Each structure stands twice: as C-alpha cells, then as structure tokens.
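Some notes on the structure that comes next.
Order of appearance sets the numbers: ligands from 1, and atoms from 1 within every ligand. What you see is a predicted model, and the numbers here were worked out from it, not measured in a lab. In what follows, every heavy atom counts, from backbone to side chain, and hydrogens, waters and symmetry copies are set aside.
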Amino acid sequence: MPTVSFISPDDIRKGFSKAMSDMYRAEVPLYGALMELVAEINRGVLDADPRLAQHLQRTGELQRLDMERHGAIRLGTAAELATIGRLFAVMGMQPVGYYDLTPAGVPVHSTAFRAVHESALQTSPFRVFTSLLRLELIENPDLRAFAEAALAKRSIFTPRALALIEQAEKHGGLGAADADEFIRQALETFRWHHTATVTAAQYQQLSDQHRLIADVVAFKGPHINHLTPRTLDIDQVQAAMPGKGITPKAVIEGPPRRNCPILLRQTSFKALDESIAFTDAQGSHSARFGEIEQRGVALTPKGRALYDQLLNAARDELGAFPNEGNAARYMALMTQHFQAFPDNHAQMREQGLAYFRYFATEKGLAARGQADRPRTLDALIAAGHVDVEPLVYEDFLPVSAAGIFQSNLGDAAQSHYVANANQAEFEQALGRQTLDELKLYEQTQQRSIDECTQALLA
Ligand code: OOG
Ligand code: NI
C-alpha cells in the first residue's frame, strides 16, 4: 500500500476524540450541559479580555479550545495496558508521565496518553488518563484469584480493532476507510455496559475491598469514566454549576486562583448511580462523572518543586483531606501559602520557574539584517523583536487526580496501602518506557528559540 494514502495519526486522534465526545454526550446528558456551560463562560471570558484572546490566538490555544478534552479509563491487566498503548499509538498518542496513586489510597498507577509535539497537539490535544489496577494490593487471596480469573476471561478489544492495530503497525498507517473503521471499532472498548460479568454478591465483595476494584473487574470493558472540557475560568464554571443542576465537589484541585495560571486546576461532579444487570440480579453501580479543568503554564523542575512544597505546606496545616467541612479554610491556606509563588510571567521566567515559547514579531522581522539589531534572547525581548508566551501544561497532577478519584468513590473508599510507586513494573506491563514530560516542555521551548534565531538572526 503506498504510504501517501495514509491518514495522519493526528487526524485519526481528532476524529476519535470527536466520536468519543458524541458517544459520551449521548450516554451522559449532564456532560452536554457542562460543555454548553463551559463554552458560554469561555466566550464571556474572551469577550471581556481581548488581550487574553490575542495571547491564546498566538499560541494556538484559542483554535484548539473547543475540541480540547481529556478522558480517563481504568484497566485490569498488563496485557490490556500493552494493547491500549498500541491502540493509542495508531492515533499518535504516547504514554507521558507516571502517576502513583497509592499514597492517596487508590490501588492504581497511571500514565497519560497524549500527543507530544506542539504541532500534533495543535491538531488535537486529546488525552486519556489511563490507570492500571494493582491486583497485588488485594489482601484476600481468594478474592484476588477471583479477580484475576474474571479479568483473564475478558477481551476488551474487538477482533477488528486488533486487526487494524496490527495492520497500522505493519504498514505504517491506515488509509481513509480503515481509519474510519478503526475509530468506530476502537470506540467499542470505551463504551458503557449495562450488564456486569459477575453476580451481585461477587460485585459486593469486590466493592467492599475497594469500589475501584469492582469498577474494573465486574465489567466487560474499561468504560470511559469522564470527559473533561477545558475552561478559561474554572471559578466561574464552579459557581454556575448548581444553577444547571450540577453539584460540584467542594474544592477545586490544584493551585489557587491567580492572575497567571500555573499547571492545572480541576473540579468534578459526583458519579451517577446507574442501574446494572448482574448475572443473577438487578443492582446499581456508579463510575461515570463529569469534570472541568483550567490549564496554565507548565513549570520547570524548580517551579514544580516550589508548587509541591507550597501545596504540601497548605495541606499539612489543614491536617486532613480537603472536604466540604474544611473547604473555606483550605482555600484560605492555599491562597496564603501561594503568595510565595511569583504571579507574573516575567518573574517566573527570570527565576526559571516555568516554560515559555518565543515568537518573532513583525518588528523583529522588519529589523532583520540591520547591523545594530539585538542579538541575545533577552535583548530581543526587551527590544520587542521577540514575544514571550507561557507554554501550556499538557499533563496531570497526582494529588489532584487522587482528589478526583476520591470524590467519585466516596470517602468510605479511602484505604491505606503500604505499597510504593513502581514505575518499572508499570513500564514492564506497558511494554515500553513512559516519556518524561519535563523533557517534552524543554524541547518545545528550545524549538521556539531555534525558530526565532532562524527567523531573526540567520
Ligand atoms: C481518573 C482520575 C484522575 C484527572 O483529571 O486527574 C483524572 C479516574 O478516576 O479514573 O481524571
Ligand atoms: Ni480527569
């Protein structure tokens, strides 16, 4: 097959992200309501702040905003993780980062599948937070064996999806008709099932061990459990949610509100109770929820260390998991501790706390070839020949993810695991290493500097 007829993986991802969103909206009407609310508030923010609109236009975030979303799934076995990695690779998604959720009492470890190059992210920034259950954390040996057997019996991919993955790997891509079929077949893995594969009593036993274990083991496949649109003002959406019949969790995860957003702020609404046919009786299960997020600048290792330090200090002082009862105090503590994090881009840049992208300006281009033109990056910026824009954070935060998991599992689901992070085991299951997100930001930043040099100084 001639390579020229292949559809680009980025376009397959774009098509898949749209198909997933349509499926989820049809199945979970509240997701549709949330999307409308987010779109309305984003429009308001852009109308009120034309400068922000200009900045987002320059970085390309404005153009991708309406299609921007992430989802999450939870897998049961190493083989499932390895195959999902191959499935996502067909759409140009790589595993980025390693997240250990056991310190928060959630028996999984995770990665985020996403595009890595800024131009690919521009076509479609779709991401999937993907967790692997750690069955070794089930203490009861009989229950563990039961869970293993149940997972060994299931096949979460359609035969046609598997065949198309192999075809894409063998030929280096998919043609138009195959890409369309791949999207339809791949979607089946993420679909909700109203029937469980276990009896009501077995479900209860799994759930008593941990609700997340029941969510993975008792079903035919790893249903997508949320899809998260990106908002430009999460506080406004949070405040407007109750008016739309949506009840958000008590606190927004991540950094407090700032003039210059950093990393990621997230909030979610509780999982829906959905009726399920167990093999012997009718019952219910809750897994699917809604979430929104606001993204800010990616932090360097130094910036991230400062973020972690301030977050930990605020949480230590609170002395408990943030919840409804202590939400006001938590937010006050966060605001107070985060005073120590500079809230303007110039300072963050000078102190090496965040990543940026550099763009040659009209003025810079006009001065090309002039003998006295500035030559260093700082001088080019000072002279207005180069503009600086924050590089958006594309990843997740483990403490925030734990908060999102917890709010949807209910507080009763908090357990304490002695297990540690085990990235090596995760990567062995995946069949490859996860990428270091910090290197990716560093590379994007460097490419933008190289482009400026090319454009202005060559
Ligand atoms: C994933 C929770 C984490 C996020 O945005 O941090 C997450 C899950 O519940 O499976 O989605
Ligand atoms: Ni999420």
Original post:
For T279, what residues pass the side-chain hydrogen bond (donor to acceptor under 3.5 Å, both in side chains) criterion, not counting sequence neighbours?
Top reply: none

**OP:** Salt-bridge test for R288 and E274: reply yes if a basic N is under 4.0 Å from a carboxylate O, no otherwise.
**Re:** yes

Report all N/O contacts between ligand 1 and the protein shorter than 3.5 Å as a table of atom names and distances to 0.1 Å; if there are none, say 'none'.
from, atom 1, to, atom 2, distance (Å)
ligand 1, 5 (O), H70, NE2, 3.0
ligand 1, 5 (O), Q266, NE2, 2.8
ligand 1, 5 (O), E291, OE1, 3.4
ligand 1, 5 (O), E291, OE2, 3.0
ligand 1, 9 (O), R74, NH2, 2.7
ligand 1, 10 (O), R74, NE, 2.8
ligand 1, 10 (O), R74, NH2, 3.4
ligand 1, 10 (O), N225, ND2, 3.1
ligand 1, 11 (O), H226, NE2, 2.8

Subject >> Counterpart residues, side-chain hydrogen bond (donor to acceptor under 3.5 Å, both in side chains), relative to D22 (two or more places apart) >> reply: K18, R25

Original post:
Is E61 salt-bridged to R230, going by a charged N under 4.0 Å from an acidic O?
Top reply: yes

Original post:
Is it the case that E253 and S400 place a side-chain donor and acceptor less than 3.5 Å from each other?
Top reply: no

Original post:
Applying the side chain to side chain donor-acceptor pair (under 3.5 Å) test to D233, which of Q294, R265, R257 qualifies?
Top reply: R257

Original post:
Counting no waters, how many protein N/O/S atoms sit under 2.8 Å from the Ni ion (ligand 2)?
Top reply: 3

Original post:
Any side-chain heavy-atom pair from F88 and R13 closer than 4.5 angstrom?
Top reply: no

Original post:
Does the pair T102 and D100 meet the rule for a side-chain hydrogen bond (donor to acceptor under 3.5 Å, both in side chains), with working shown?
Top reply: CA-CA 6 Å; T102 51; D100 172 30; 2.7 Å; yes

Subject >> Lys NZ or Arg CZ of R295 over F396 ring: under 6.0 Å, within 45° >> reply: yes

